[in-house]
Amino acid sequence: NNYATGNGTIYNHSGGILYSNNTTVKNNTANCGGGCYIDGATTITGGVIKNNVALSNGGGIYYSTSTGGRTLTLQNIQILDNKADVGSEIYANGTTVNISSVVLSGQSLRLEKGDLNIDSTSKIECLLEYNNGKITLKNGIFENSQNCKISVLNPVKDMVVVYASGFKFDQENIKQLRLQADHMTLALNSENDSVAILDFQPLKVVLVDRDGTVIDSYLIEYGHTLKLPKYKKEDFEGWLVDDKIVKPDQEITVLKNLTIVASYKQVSMALKISVIVLTGVALIAIISLLVVIIRQNKYKKYEKETEI
């Protein structure tokens, strides 16, 4: 139940081995590393880190490499239900994280530019987010970790996402990994069944009119561009893409499934009122003119009858 104005309720600046058996770090708040802020090669053995909050990164553990150490080893520890903007359970940058006999449950582990090695004795029940690194899973991991999800931050087609250690991937393993993306799936590498690679699915772009009528649809590969067409309809001005109007013949980069709505020129209320007023004035003038013409005709008829 502590609050650190800087980083880490527990701050370890020089690395080393932390024995935390029978120790619980919980209900703490810090800028980075709500539970622990670690700088340098470190091994943490035993204990529980739970219900901590980081105002930015690393709710449970924030791992830094500013002192040169690039390995974080976690053994026989539970990291549960922490909170942060990025990496609720663990945030690590430019390092190798080794996990053995660890229970990791909550929102996410974020790994920036590093490697994540998970032993089969661990239980992973959170989202594994990684950027420009690799994840290695040991044989037997799927027996314990059935709710593990993976998110790739900067995906490239055919990039290796997960390595298998001591076993070969099969289609059932691929399904269990559950990649979080609506346009990507994991696939077996035809040349090496110890790795799972990214396979991009075509994205669907649908053009609709403002009443919901489908105008056209396209299947576009992730990251490719689409030139938006012209639409021959009165007052049409462009296409509404992510709340911005894009003119016809301009290109957009497709990174997700899109429904794009036709946008029309908006006539101002003042102009509408002016048109209504002018129309009214014109109608009154026409009616007045007709009245005058009718009266004149009646007068001429009366004069002829009088002469007779």
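The residues of the chain are indexed from 1 along the displayed sequence.
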* Has the side chain of Ser122 got a donor or acceptor atom that lies under 3.5 Å from a matching backbone atom of Val102? -> yes

* To do: Please identify each residue that fulfils side chain to side chain contact (heavy atoms under 4.5 Å, CB included) with Leu219, with sequence neighbours left out.
  => Pro202, Lys204

* Pair Lys256 + Asp242, salt bridge at N-O below 4.0 Å -> yes

* Quick one: does Tyr218's side chain have a donor or acceptor within less than 3.5 Å of a partner on Leu203's backbone? -> no

* Would you call Glu251-Lys227 a salt bridge at under 4.0 Å N-O? -> no

* Asked: Pairs in or reaching into residues 45-65: which pass salt bridge (charged side-chain N to carboxylate O under 4.0 Å, His left out), with residues at least two apart or in two chains?
  -> none

* Apply the side chain to side chain contact (heavy atoms under 4.5 Å, CB included) test between Leu128 and each candidate in Leu111, Val162, Ile135; give the one that qualifies. => Ile135

* Asked: Do we see a donor-acceptor contact under 3.5 Å between the side chains of Gln75 and Ser101?
  -> no

* Parallel, tilted or perpendicular: ring planes of Phe236 versus Tyr231, cut at 30 and 60 degrees -> perpendicular

* Do side-chain atoms of Asn52 reach the backbone of Gly59 as a donor and acceptor pair under 3.5 angstrom? -> no

* Dump the intermediate steps for side chain to side chain contact (heavy atoms under 4.5 Å, CB included) on Ile38 and Ile44, then the final yes or no. => CA-CA 10 Å; Ile38 299 169; Ile44 302 178; 3.3 Å; yes

* Asked: Asn98: what forms a side chain to side chain contact (heavy atoms under 4.5 Å, CB included) with it, not counting sequence neighbours?
  -> Thr71, Thr73, Thr96, Asn117

